[in-house]
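A quick write-up on the structure given underneath.
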Amino acid sequence: MADFEDLLAEGEAVPTEGWDFSWFDGRASEQRPSWGYARLLAERMRRAEAVLDVQTGGGEVLASVPVAPPVVAATESWPPNLEIARRNLARFGAVVVEVADAAGLPFASDRFDLVVSRHPVVTRWDEVRRVLRPGGTYLTQQVGAHTVGELADFLREAGPPAVRAAPSGEDAGAGGGGDDLPRTPFTTRSGTSPVTAVRCAEAAGLEVVDVRQEACRMEFHDIAAVVHFLRKVIWIVPGFAVDAYRDRLRALHGFMERHGPFVAYSQRYLIEARRT
């Protein structure tokens, strides 16, 4: 039986840069949506002339495609991810630009025939439309409302008062968009429902041609995996710190030691839209 304090220390020590989740192998798992975002991305990249990946993280997903168009650009807001993304996307000759999640896109209008994003923190649907060429496509996989809510709700049951009072659904703004999120009908953040996202896309002048939704099973096998996950995916429990949740983490550790993995569900949806 692993020591609780040792597992906490391990979960706190793992670097959080990039979107490489290989550390979780054997310790946590997540079912992937049946539509296969990486496959859809690769298919569209083969036909594109110029692609923009918004909030690329470490560029890991974009770098996985076998063929890229002549022009590849990406944005990322977190400085530790920028150099990782530049390394990962170097073989495409990609330009990776530091851009705040809620900011406008620093590219000319009508620049790209394909814009993509996987799990963006904030989506500026008006900016996506602006940089798309007429007839261009936006493909995005988004995090839905109350994703991994089972874990967030368990921790909040006895968490710090300010966090305990916070909702875990769409109104919680579960995506780290922050108070600087533009209050416009064209902006959504992670944790928004697909109904709201489609409404914003259409308000921005995009034609939504495909919407798919799934709940994907997640399993956490030890408390180190829980700690690392909450440090890496910071919008699940905003302000998460081990010391603030030590008692709840200890209870969860005991549950997993006796009864097996803790099960939660990630909410995912896919939207494909076109500029007409």
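Note that the structure is a prediction, hence the values are computed from the model and not measured.
By the criterion of side-chain heavy atoms lying less than 4.5 angstrom apart, applied directly or through intervening Ile, Leu, Val, Met, Phe, Trp or Tyr residues, Leu82 is not grouped with Leu52; the two fall into different hydrophobic clusters. Under the 4.5 Å side-chain heavy-atom criterion for Ile, Leu, Val, Met, Phe, Trp and Tyr, Leu155 and Ile234 are members of the same hydrophobic cluster. No chain of hydrophobic side-chain contacts below 4.5 Å, direct or via other Ile, Leu, Val, Met, Phe, Trp or Tyr residues, connects Val116 to Ile84. Cluster membership check: Leu139 does not share its hydrophobic cluster with Val71, using side-chain heavy-atom separations under 4.5 Å among Ile, Leu, Val, Met, Phe, Trp and Tyr. Residues Val242 and Val233 share a single hydrophobic cluster, defined by chaining ILVMFWY side chains whose heavy atoms lie under 4.5 Å apart.
Residues Glu76 and Arg86 are not paired through a salt bridge, judged by the lack of any N-O separation under 4.0 Å between the basic side chain and the carboxylate. With salt bridges taken as basic N to acidic carboxylate O contacts below 4.0 Å, one links Glu43 and Arg39. Between Glu272 and Arg212, none of the side-chain N atoms (NZ, or NE/NH1/NH2) sits under 4.0 Å from a carboxylate O, so this pair counts as no salt bridge.
Side chain of Glu202 to backbone of Cys200: no donor-acceptor contact under 3.5 angstrom is found. Put simply, the side chain of Ser193 never gets that close to the backbone of Ala145: no donor and acceptor are under 3.5 Å apart. Looking at Asn81, its side chain never comes within 3.5 Å of a backbone N or O of Glu17 through a donor-acceptor pair. A distance-only check finds a donor-acceptor pair linking the side chain of Gln31 to the backbone of Arg217 [under 3.5 Å]. A donor-acceptor pair under 3.5 Å links the side-chain atoms of Asp113 to the main chain of Ala50, judged by distance alone. At least one donor-acceptor pair closer than 3.5 Å links the side chain of Ser64 to the backbone N or O of Val61. Distance alone, capped at 3.5 Å, places no donor-acceptor pair between the Asp53 side chain and the Thr56 backbone. For Glu127 (side chain) and Leu105 (main-chain N/O), a donor-acceptor pair under 3.5 Å exists by modelled atom type.
Side-chain N/O atoms of Gln55 and Ser77 include no donor and acceptor closer than 3.5 Å. A donor atom on one side chain and an acceptor atom on the other are found under 3.5 Å apart for Trp125 and Thr188. Looking only at atom types and distance, the side chain of Thr147 has no donor-acceptor partner in the side chain of Ser266 under 3.5 Å away. His146 and Gln267 form no side-chain donor-acceptor contact under 3.5 Å, judged by distance and modelled atom types alone.
Scanning both residues, Leu206 and Ala273, for their nearest heavy atoms gives CB-CB, 4.1 Å. Closest non-hydrogen pair, Asn88 versus Gly58, comes out as ND2-O, 2.6 Å. A pairwise comparison of heavy atoms in Pro70 and Ala48 identifies CD-O, 4.3 Å as the closest pair. Heavy-atom minimum distance, Phe154 versus Ala251: CZ-CB, 4.1 Å. The two atoms that bring Arg130 and Ala108 nearest to each other are NH1-C, 3.7 Å, heavy atoms only. In plain terms, the two heavy atoms of Pro69 and Val51 that are nearest each other are CG-CG1, 3.6 Å.
Looking at Leu270 and Val211, their side chains never come closer than 4.5 Å, going by heavy atoms from C-beta outward. The shortest side-chain heavy-atom distance between Leu62 and Met45 falls under the 4.5 Å cut-off. Under the 4.5 Å side-chain criterion, counting only non-hydrogen atoms from C-beta, Val54 is not in contact with Pro120. Side-chain contact check for Asp110 versus Arg275: some heavy-atom pair is nearer than 4.5 Å. For the pair Glu30/Arg32, a side-chain contact is recorded, criterion being any heavy-atom separation below 4.5 Å from C-beta on. Residues Phe4 and Leu249 are in side-chain contact: their nearest non-hydrogen atoms beyond the backbone lie under 4.5 Å apart. Using a 4.5 Å cut-off on side-chain heavy atoms (C-beta onward), Ser34 and Glu214 make contact. Phe229 has its side chain within reach of Val148: a pair of non-hydrogen atoms, C-beta onward, lies under 4.5 Å apart.
Note on ring orientation: taking the six-membered ring where Trp is involved, the planes of Phe220 and Phe262 are tilted (angle from 30° to 60°). Under the 30°/60° scheme for interplanar angles, the aromatic rings of Trp23 and His228 are found to stand perpendicular.
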Exercise. Could you please spell out the steps behind the side chain to side chain contact (heavy atoms under 4.5 Å, CB included) verdict for Tyr265 and Met218?
Key: CA-CA 5 Å; Tyr265 289 85; Met218 300 180 68; over 6 Å; no
Practice problem: Tell me, with the steps shown, if Trp35 and Gln141 meet side chain to side chain donor-acceptor pair (under 3.5 Å). | Solution: CA-CA 10 Å; Trp35 51 75; Gln141 180 173 295; 2.9 Å; yes
Quiz item: Can you list the steps and then say if Thr75 with Phe107 is a side chain to side chain contact (heavy atoms under 4.5 Å, CB included)?
Solution: CA-CA 10 Å; Thr75 70; Phe107 302 100; 3.8 Å; yes
Exercise. Applying salt bridge (Lys or Arg N to Asp or Glu O under 4.0 Å), run through Arg118 and Glu60 and close with a yes or a no.
Key: CA-CA 11 Å; Arg118 180 180 180 272; Glu60 294 88 353; over 6 Å; no
Exercise. Evaluate the criterion side chain to side chain contact (heavy atoms under 4.5 Å, CB included) for residue pair Glu219 and Arg27; output intermediate values, then yes/no.
Key: CA-CA 8 Å; Glu219 294 186 357; Arg27 312 188 76 151; over 6 Å; no
Quiz item: Please walk me through it: do Asp247 and Arg250 pass salt bridge (Lys or Arg N to Asp or Glu O under 4.0 Å)?
Solution: CA-CA 5 Å; Asp247 290 344; Arg250 186 182 297 277; 5.2 Å; no
Practice problem: Step by step, work out the side chain to side chain donor-acceptor pair (under 3.5 Å) result for Gln142 and Thr123. | Solution: CA-CA 9 Å; Gln142 301 262 340; Thr123 302; 3.0 Å; yes
Exercise. Before giving the answer on side chain to side chain contact (heavy atoms under 4.5 Å, CB included), spell out for Val143 and Arg268 the whole-Å C-alpha distance, their side-chain angles and the decisive distance to 0.1 Å.
Key: CA-CA 5 Å; Val143 176; Arg268 299 287 184 261; 3.6 Å; yes
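For Arg111, the CZ atom sits in a loose shell: 12 or fewer heavy atoms of surrounding residues, nucleotides or ligands are nearer than 6.0 Å. In the displayed structure, Arg274 atom CZ is contacted under 6.0 Å by at most 12 heavy atoms of other residues, nucleotides or ligands.
Figure legend: Arg129 and Tyr138 shown without cation-pi pairing, the cationic atom not lying both under 6.0 angstrom from the six-membered ring centre and within 45 degrees of its axis. Cation-pi contact between Lys232 and Phe24: absent, since separation from the ring centre below 6.0 Å together with deviation from the ring axis within 45° is not met.
In this view, Phe255 and His259 satisfy the ring pair (Phe, Tyr, Trp, His ring centres under 6.0 Å) rule, not counting sequence neighbours.
The distance from atom CG of Asp6 to atom CG of Asp222, rounded to the nearest 0.5 Å, is 12.0 Å. The line from CD1 of Ile271 to CG of Asp210 is 9.5 Å long, rounded to the nearest 0.5 Å. Note that the CD atom of Glu12 and the CG atom of Asp243 stand 7.0 Å from one another [nearest 0.5 Å].
Remark: of the listed residues Met256, His253, Arg231, Met256 is the sole one forming a side-chain contact (heavy atoms from CB on, under 4.5 Å) with Val226.
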Distance-only donor-acceptor hits, side chain of residues 91-98, under 3.5 Å, sequence neighbours excluded:
| unit_1 | atom_1 | unit_2 | atom_2 | d |
| --- | --- | --- | --- | --- |
| Arg91 | NH2 | Ala63 | O | 2.7 |
| Arg91 | NH2 | Val65 | O | 2.8 |

